[in-house]
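Beneath this line is the structure, given in structure tokens, with notes to follow.
Below, chains carry the letters A, B, ... as their sequence lines are ordered, and counting in each starts from 1. For the numbers below, each heavy atom of this structure counts, side chains included, while hydrogens, waters and symmetry mates do not. Keep in mind that what you see is a predicted model, and the values were worked out from it rather than measured.
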Amino acid sequence: MPELPEVEVTRLSFASRIAGAHIHTAQLGKPLRWPLGCAPDLLHGQRVLGVRRRGKYLLIDLTDGLLLLHLGMSGSVSFGHDLPAPGKHDHFELTTSHGTLRLHDPRRFGAVVYALGEGDAAAHKLLGRLGVEPLGDSFDAASFHTALKLKKTAIKQVLLAGEIVVGVGNIYASETLFLAGIRPTTRASRLSKPRSQRLHSAIRHVLTQAVAKGGSTLKDFSNAEGQTGYFQLEAMVYDRAGQPCKVCGGPIKGMRQGQRSTFFCAVCQKP
DNA sequence: CACGGATCCTGATGGC
DNA sequence: TGCCATCAGGATCCGT
């Protein structure tokens, strides 16, 4: 579900509140994508040092090791003192001195994984091949273009793969490519320097705006304080097949790429 | 070894 | 409480 902006908004909504908390208990529900990787008891008595983000992973730093939390397609986090009783889709819970952290994830594509450190085997398997952070300094237009040169697949697939730059999911892939005027099917290696530069700016712009607006376009997204109803970001193309392009009026096209839906304007976006 | 496809799981939606 | 097919924000794994 959540792309980078939703994950970052989630992080911002509970990171400062949980920092410094002492963990009382850790409880698991139904299996998630991967096993926790340690006995829940191991977390008892540890302290939460802070919460960082890497790509779409939340990294919860503990006194001894860290938890890697991924929201998958349908995950959301709640944190507070008076959460309602756990429901059937709540699959991880951490009770702490500062409140209860809960992962709600109906489809269970999400995960919570314990790692001893950011570089250990468990963490490396998940974080090891991630591309650069789109909102960080290491995401620059020149090296982005250089990296794209080596990829012969469709640019949209390259964005989703997250090996060059992380955080762009299915919605924002369509949106950033529209903004950059690039057809999703264009081979990444064929993008000229100016066009990859436009894409670079589009990615930074769209993701920055989405974080600022509190997380998007997602119909059922809520942050860890349970706030929903954000909807300020109108999609230009995503889920708008058949509707008029907001720029040129032509019909938005829908197609599938690698089992995922893609939307674009054939007039505004060039091959 | 780079690429495309199948796969995990539950719920919402729409056609019949 | 109709039934069935299709689709949904992700990303790893497995053939070719």
For [range], which residue pairs qualify under ring-ring contact (aromatic ring centres under 6.0 Å, His included), counting only residues two or more places apart or in two chains?
{"range": "residues 126-162 of chain A", "answer": "A:Phe139-A:Phe144, A:Phe139-A:His200"}
{"range": "residues 48-84 of chain A", "answer": "A:Tyr57-A:His70"}
{"range": "residues 30-55 of chain A", "answer": "none"}

Using only side-chain N and O atoms of [X], determine if any of them is under 4.0 Å from OP1 or OP2 of [N].
{"X": "A:Lys88", "N": "B:dC9", "answer": "no"}
{"X": "A:Ser74", "N": "C:dA8", "answer": "no"}
{"X": "A:Arg256", "N": "B:dG4", "answer": "no"}
{"X": "A:Arg33", "N": "C:dG10", "answer": "no"}

Nucleotide [N], atom [atom2] - distance to [atom1] of [X] in whole Å:
{"X": "A:Gln259", "N": "C:dG10", "atom1": "CD", "atom2": "P", "result": "14 Å"}
{"X": "A:Leu32", "N": "B:dT7", "atom1": "CG", "atom2": "C1'", "result": "17 Å"}
{"X": "A:Asp105", "N": "B:dC8", "atom1": "CG", "atom2": "C1'", "result": "11 Å"}
{"X": "A:Glu6", "N": "C:dG10", "atom1": "CD", "atom2": "P", "result": "9 Å"}
{"X": "A:Arg107", "N": "C:dT6", "atom1": "CZ", "atom2": "C1'", "result": "12 Å"}
{"X": "A:Asp239", "N": "C:dT6", "atom1": "CG", "atom2": "C1'", "result": "14 Å"}
{"X": "A:Leu126", "N": "C:dT12", "atom1": "CG", "atom2": "P", "result": "7 Å"}
{"X": "A:Gln257", "N": "C:dG10", "atom1": "CD", "atom2": "P", "result": "14 Å"}

Contact list (N/O, under 3.5 angstrom) for nucleotides 13-16 of chain C vs protein:
{"residue": "C:dC13", "atom": "OP1", "partner": "A:Lys125", "partner atom": "NZ", "Å": "3.4"}

> Considering residues at least two apart in sequence or located in another chain, which fulfil the side-chain hydrogen bond (donor to acceptor under 3.5 Å, both in side chains) criterion with A:Arg33?
Replying inline: none
> Does A:Thr176 have any side-chain hydrogen bond (donor to acceptor under 3.5 Å, both in side chains) partners at least two apart in sequence or in another chain, and if so, which?
Replying inline: none
Does the side chain of [Y] come within less than 4.5 Å of [X]'s, by heavy atoms?
{"X": "A:Leu179", "Y": "A:Met236", "value": "no"}
{"X": "A:Ile252", "Y": "A:Pro244", "value": "no"}
{"X": "A:Pro184", "Y": "A:Gln269", "value": "yes"}

Closest to the [X] side chain, choosing from [options]:
{"X": "A:His70", "options": "C:dA8, B:dA6, C:dG10", "result": "C:dG10"}
{"X": "A:Glu3", "options": "B:dC9, C:dG10, B:dA6", "result": "C:dG10"}
{"X": "A:Arg108", "options": "C:dA8, B:dG11, B:dC9", "result": "B:dC9"}
{"X": "A:Arg260", "options": "C:dG10, B:dC9, C:dC7", "result": "C:dG10"}

>> Just to verify, what does A:Phe92 make a ring pair (Phe, Tyr, Trp, His ring centres under 6.0 Å) with, not counting sequence neighbours?
In response: none
> So, are A:Glu163 and A:Lys151 salt-bridged, with charged N and O less than 4.0 Å apart?
Replying inline: yes
> Restricting to pairs with a member in residues 106-125 of chain A, which pass side-chain hydrogen bond (donor to acceptor under 3.5 Å, both in side chains), not counting sequence neighbours?
Replying inline: A:Arg52-A:Glu118
>> Testing A:Leu68, A:Ile23, A:Leu101 one by one against A:Ile60 for a side-chain contact (heavy atoms from CB on, under 4.5 Å), which residue passes?
In response: A:Leu101
> For DNA chain B, what is the dot-bracket line, given that a base pair needs Watson-Crick (N1 to N3, plus N6-O4 or O6-N4) or G-U wobble (N1-O2 and O6-N3) geometry with both distances under 3.5 Å, and | means paired with another strand?
Replying inline: .|||||||.|||||||
> Heavy-atom contacts under 4.0 Å between residues 142-161 of chain A and DNA chain B, which residues?
Replying inline: A:Lys152, A:Thr153
> How far, in whole Å, is C:dC3 from B:dC9 if one measures between their P atoms?
Replying inline: 23 Å
>> Suppose you measure atom C1' in C:dT1 against the same atom in B:dG11; what distance do you get, rounded to whole Å?
In response: 15 Å
> Which pairs count as salt bridge (charged side-chain N to carboxylate O under 4.0 Å, His left out) when at least one residue sits in residues 250-261 of chain A, sequence neighbours excluded?
Replying inline: none
>> For the NZ atom of A:Lys270 and the OG1 atom of A:Thr186, what is their distance to the nearest 0.5 Å?
In response: 11.5 Å
> Across the strands shown, which category fits A:Gly258 at heavy-atom distances under 4.0 angstrom: base, sugar-phosphate, nothing?
Replying inline: nothing
> A:Phe109 stacking on C:dA11: centroids under 5.5 Å, ring planes under 30°?
Replying inline: no
> Which of residues 110-119 of chain A have a heavy atom under 4.0 Å from DNA chain C?
Replying inline: none
>> Apply side chain to side chain donor-acceptor pair (under 3.5 Å) to residues A:Thr25 and A:Thr95 and explain how you reach the verdict.
In response: CA-CA 5 Å; A:Thr25 64; A:Thr95 60; 2.4 Å; yes
